[in-house]
J.: 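Mind looking over this structure? Questions follow.
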Amino acid sequence: MPGYRIKYSTLSVGAEDFHLCSLRDKQQFADRDGRAEAAGISSASWPLFGQLWPSGEALAQTMSRYHVQGLRILELGCGLGLSSLVLQRLGADITASDYHPLAGDFLQRNAILNELPPIRFQRCDWALEYAGLGLFDLIIGSDLLYERDHPGLLAGFIARHSQPSAEVLIVDPGRGNSAPFSRAMLAMGYQQQADHCNVLDDPESPFKGRILNYRRVA
């Protein structure tokens, strides 16, 4: 037994239905081999990767109608991998990444659940170098700026793994770290584009943040 409980749900993204295996609730915790502890992940934050958050659904909805043909795409902090699943179904060249030691397992479980091929996955610490990861045309993520040191770390990681001409889309629910992130991105040569409001076009949506959009042109 894995030591944690799971649940299954189905949600509509664009015109498609997606099935997700997630943690049953935010009380789940299992770290028998100590991998999460070694990575500095506390028992309180351990289950957060395994939840479907409103910002993650907003990113998936955005990707469902995004022009992805010909782009090499990286999802940061993929969690359950909903946006990567959407992009895989669209035939995009998608690589998913996350810091949590179980994120890759849930990503592949959800790919199988949706009858999709395996999705490339890289476990990433934004402070480290990953020479084999390569460069991307589009880098996406949701709710990534929840620690004070994240803006600088994230901007640096993006700069190391983006093509000379690239776009970045980060769904931000408003945790207060978007301004320093925008400054860090500007220092990396990225110009911030006009913010998007609730991209779900649904007044009942629980997501009320913004999509931060940045572009760099060679």
Side-chain angles (χ1 to χ4, degrees), residues 1-11 13 18-60 74-88 94-114 116 118-130 133 139-158 161 170-178 181 206-207 209:
M1 296 295 291
Y4 54 81
R5 300 180 69 185
I6 60 175
K7 66 179 180 180
Y8 294 91
S9 58
T10 299
L11 67 155
V13 179
F18 288 86
H19 312 296
L20 282 185
C21 173
S22 61
L23 292 178
R24 185 179 181 88
D25 53 43
K26 287 181 278 188
Q27 306 306 314
Q28 303 304 311
F29 175 73
D31 188 30
R32 292 175 178 173
D33 57 6
R35 287 192 297 163
E37 182 180 8
I41 300 173
S42 69
S43 58
S45 62
W46 186 93
L48 300 183
F49 88 96
Q51 312 296 317
L52 177 61
W53 298 93
S55 55
E57 185 177 353
L59 180 62
L74 174 66
E75 182 181 7
L76 301 174
C78 70
L80 297 172
L82 178 59
S83 292
S84 290
L85 295 170
V86 170
L87 290 165
Q88 183 81 317
I94 175 64
T95 299
S97 68
D98 201 288
Y99 186 58
H100 198 284
L102 283 184
D105 295 342
F106 272 76
L107 174 70
Q108 302 310 340
R109 179 183 295 185
N110 283 323
I112 293 171
L113 196 60
N114 289 278
L116 293 169
I119 298 172
R120 286 189 298 274
F121 178 81
Q122 172 69 58
R123 185 165 179 263
C124 285
D125 180 336
W126 297 337
L128 302 181
E129 302 281 345
Y130 297 91
L133 186 58
I139 297 179
I140 64 173
S142 62
D143 201 0
L144 302 178
L145 302 168
Y146 48 88
E147 298 289 350
R148 294 182 67 180
D149 62 341
H150 283 174
L153 288 172
L154 179 57
F157 186 88
I158 288 172
H161 291 288
I170 305 294
V171 177
D172 176 40
R175 297 189 186 275
N177 291 316
S178 61
F181 177 65
F207 175 69

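Quick caveat: nothing in here was measured; it's all calculated off a predicted structure.
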J.: So, for Val171 and Pro173, which heavy atoms are closest and what is the spacing to 0.1 Å?
T.: O-CD, 3.8 Å
J.: For a quick test of reading the model, state the closest non-hydrogen atom pair linking Leu76 to Ile139 and the distance between them.
T.: CD1-CG2, 3.6 Å
J.: Would you name the heavy atoms of Leu145 and Ser178 that are closest together and state the gap between them?
T.: CD1-CA, 4.1 Å
J.: With sequence neighbours excluded, tell me which residues meet ring-ring contact (aromatic ring centres under 6.0 Å, His included) with Phe18.
T.: none
J.: Just how far is it from atom CZ of Phe157 to atom OG of Ser97, taken to the nearest 0.5 Å?
T.: 5.5 Å
J.: Minimum heavy-atom separation for Asp98 and Phe121, please, with both atom names.
T.: N-CE1, 3.7 Å
J.: Say whether, by atom type as modelled, one donor and one acceptor occur between the side chain of Asn114 and the main chain of Leu116 under 3.5 angstrom.
T.: no
J.: Would you give the length of the straight line joining atom OG of Ser43 to atom CD of Gln27, rounded to the nearest 0.5 angstrom?
T.: 10.0 Å
J.: In Å and rounded to the nearest 0.5 Å, what is the CG to CZ distance from Leu102 to Phe49?
T.: 4.5 Å
J.: Side chains of Glu147 and Asn177, heavy atoms from C-beta outward: is any pair under 4.5 Å?
T.: no
J.: Is there a donor-acceptor pair under 3.5 Å between the side chain of Gln51 and the backbone N or O of Asp25?
T.: yes
J.: Provide the full list of side-chain hydrogen bond (donor to acceptor under 3.5 Å, both in side chains) pairs with a residue in residues 118-127, sequence neighbours left out, each pair given once.
T.: Asp93-Arg120, Thr95-Arg120
J.: Indicate the atoms forming the closest heavy-atom contact of Leu113 with Cys21, along with that distance.
T.: CD2-N, 3.8 Å
J.: Would Leu144 and Phe181 satisfy side chain to side chain contact (heavy atoms under 4.5 Å, CB included), going step by step from the backbone distance to the final call?
T.: CA-CA 10 Å; Leu144 302 178; Phe181 177 65; over 6 Å; no
J.: Name each donor-acceptor pair under 3.5 Å that joins a side chain in residues 34-41 to protein atoms two or more places apart or in another chain, with its distance.
T.:
| unit_1 | atom_1 | unit_2 | atom_2 | d |
| --- | --- | --- | --- | --- |
| Arg35 | NE | Asp33 | OD2 | 3.0 |

J.: Applying side chain to side chain contact (heavy atoms under 4.5 Å, CB included) to Phe106 and Leu20, what does each step give before you reach the verdict?
T.: CA-CA 9 Å; Phe106 272 76; Leu20 282 185; over 6 Å; no
J.: Within this structure, what is the OG-CZ distance for the pair Ser22 and Arg109, rounded to the nearest 0.5 Å?
T.: 10.0 Å
J.: State which residues pass ring-ring contact (aromatic ring centres under 6.0 Å, His included) with Phe29; sequence neighbours excluded, sorted by chain then number.
T.: Trp46
J.: Could you tell me if the side chain of Cys124 sits less than 4.5 Å from the side chain of Leu133, heavy atoms only?
T.: yes
J.: For Asp143 versus Ser55, what's the shortest heavy-atom pair and its separation?
T.: CB-OG, 3.3 Å
J.: Name each donor-acceptor pair under 3.5 Å that joins a side chain in residues 81-88 to protein atoms two or more places apart or in another chain, with its distance.
T.:
| unit_1 | atom_1 | unit_2 | atom_2 | d |
| --- | --- | --- | --- | --- |
| Ser83 | OG | Ala60 | N | 3.1 |
| Ser84 | OG | Glu75 | OE1 | 2.6 |
| Gln88 | NE2 | Pro117 | O | 3.1 |
| Gln88 | NE2 | Pro118 | O | 3.1 |

J.: Does the Asn110 side chain pair with the main chain of Leu80, one donor and one acceptor, at a distance under 3.5 Å?
T.: yes
J.: With sequence neighbours excluded, what pairs up with Tyr146 under the ring-ring contact (aromatic ring centres under 6.0 Å, His included) test?
T.: His150
J.: Roughly how far, to the nearest 0.5 Å, is the CG atom of Leu107 from the CD1 atom of Ile112?
T.: 10.0 Å
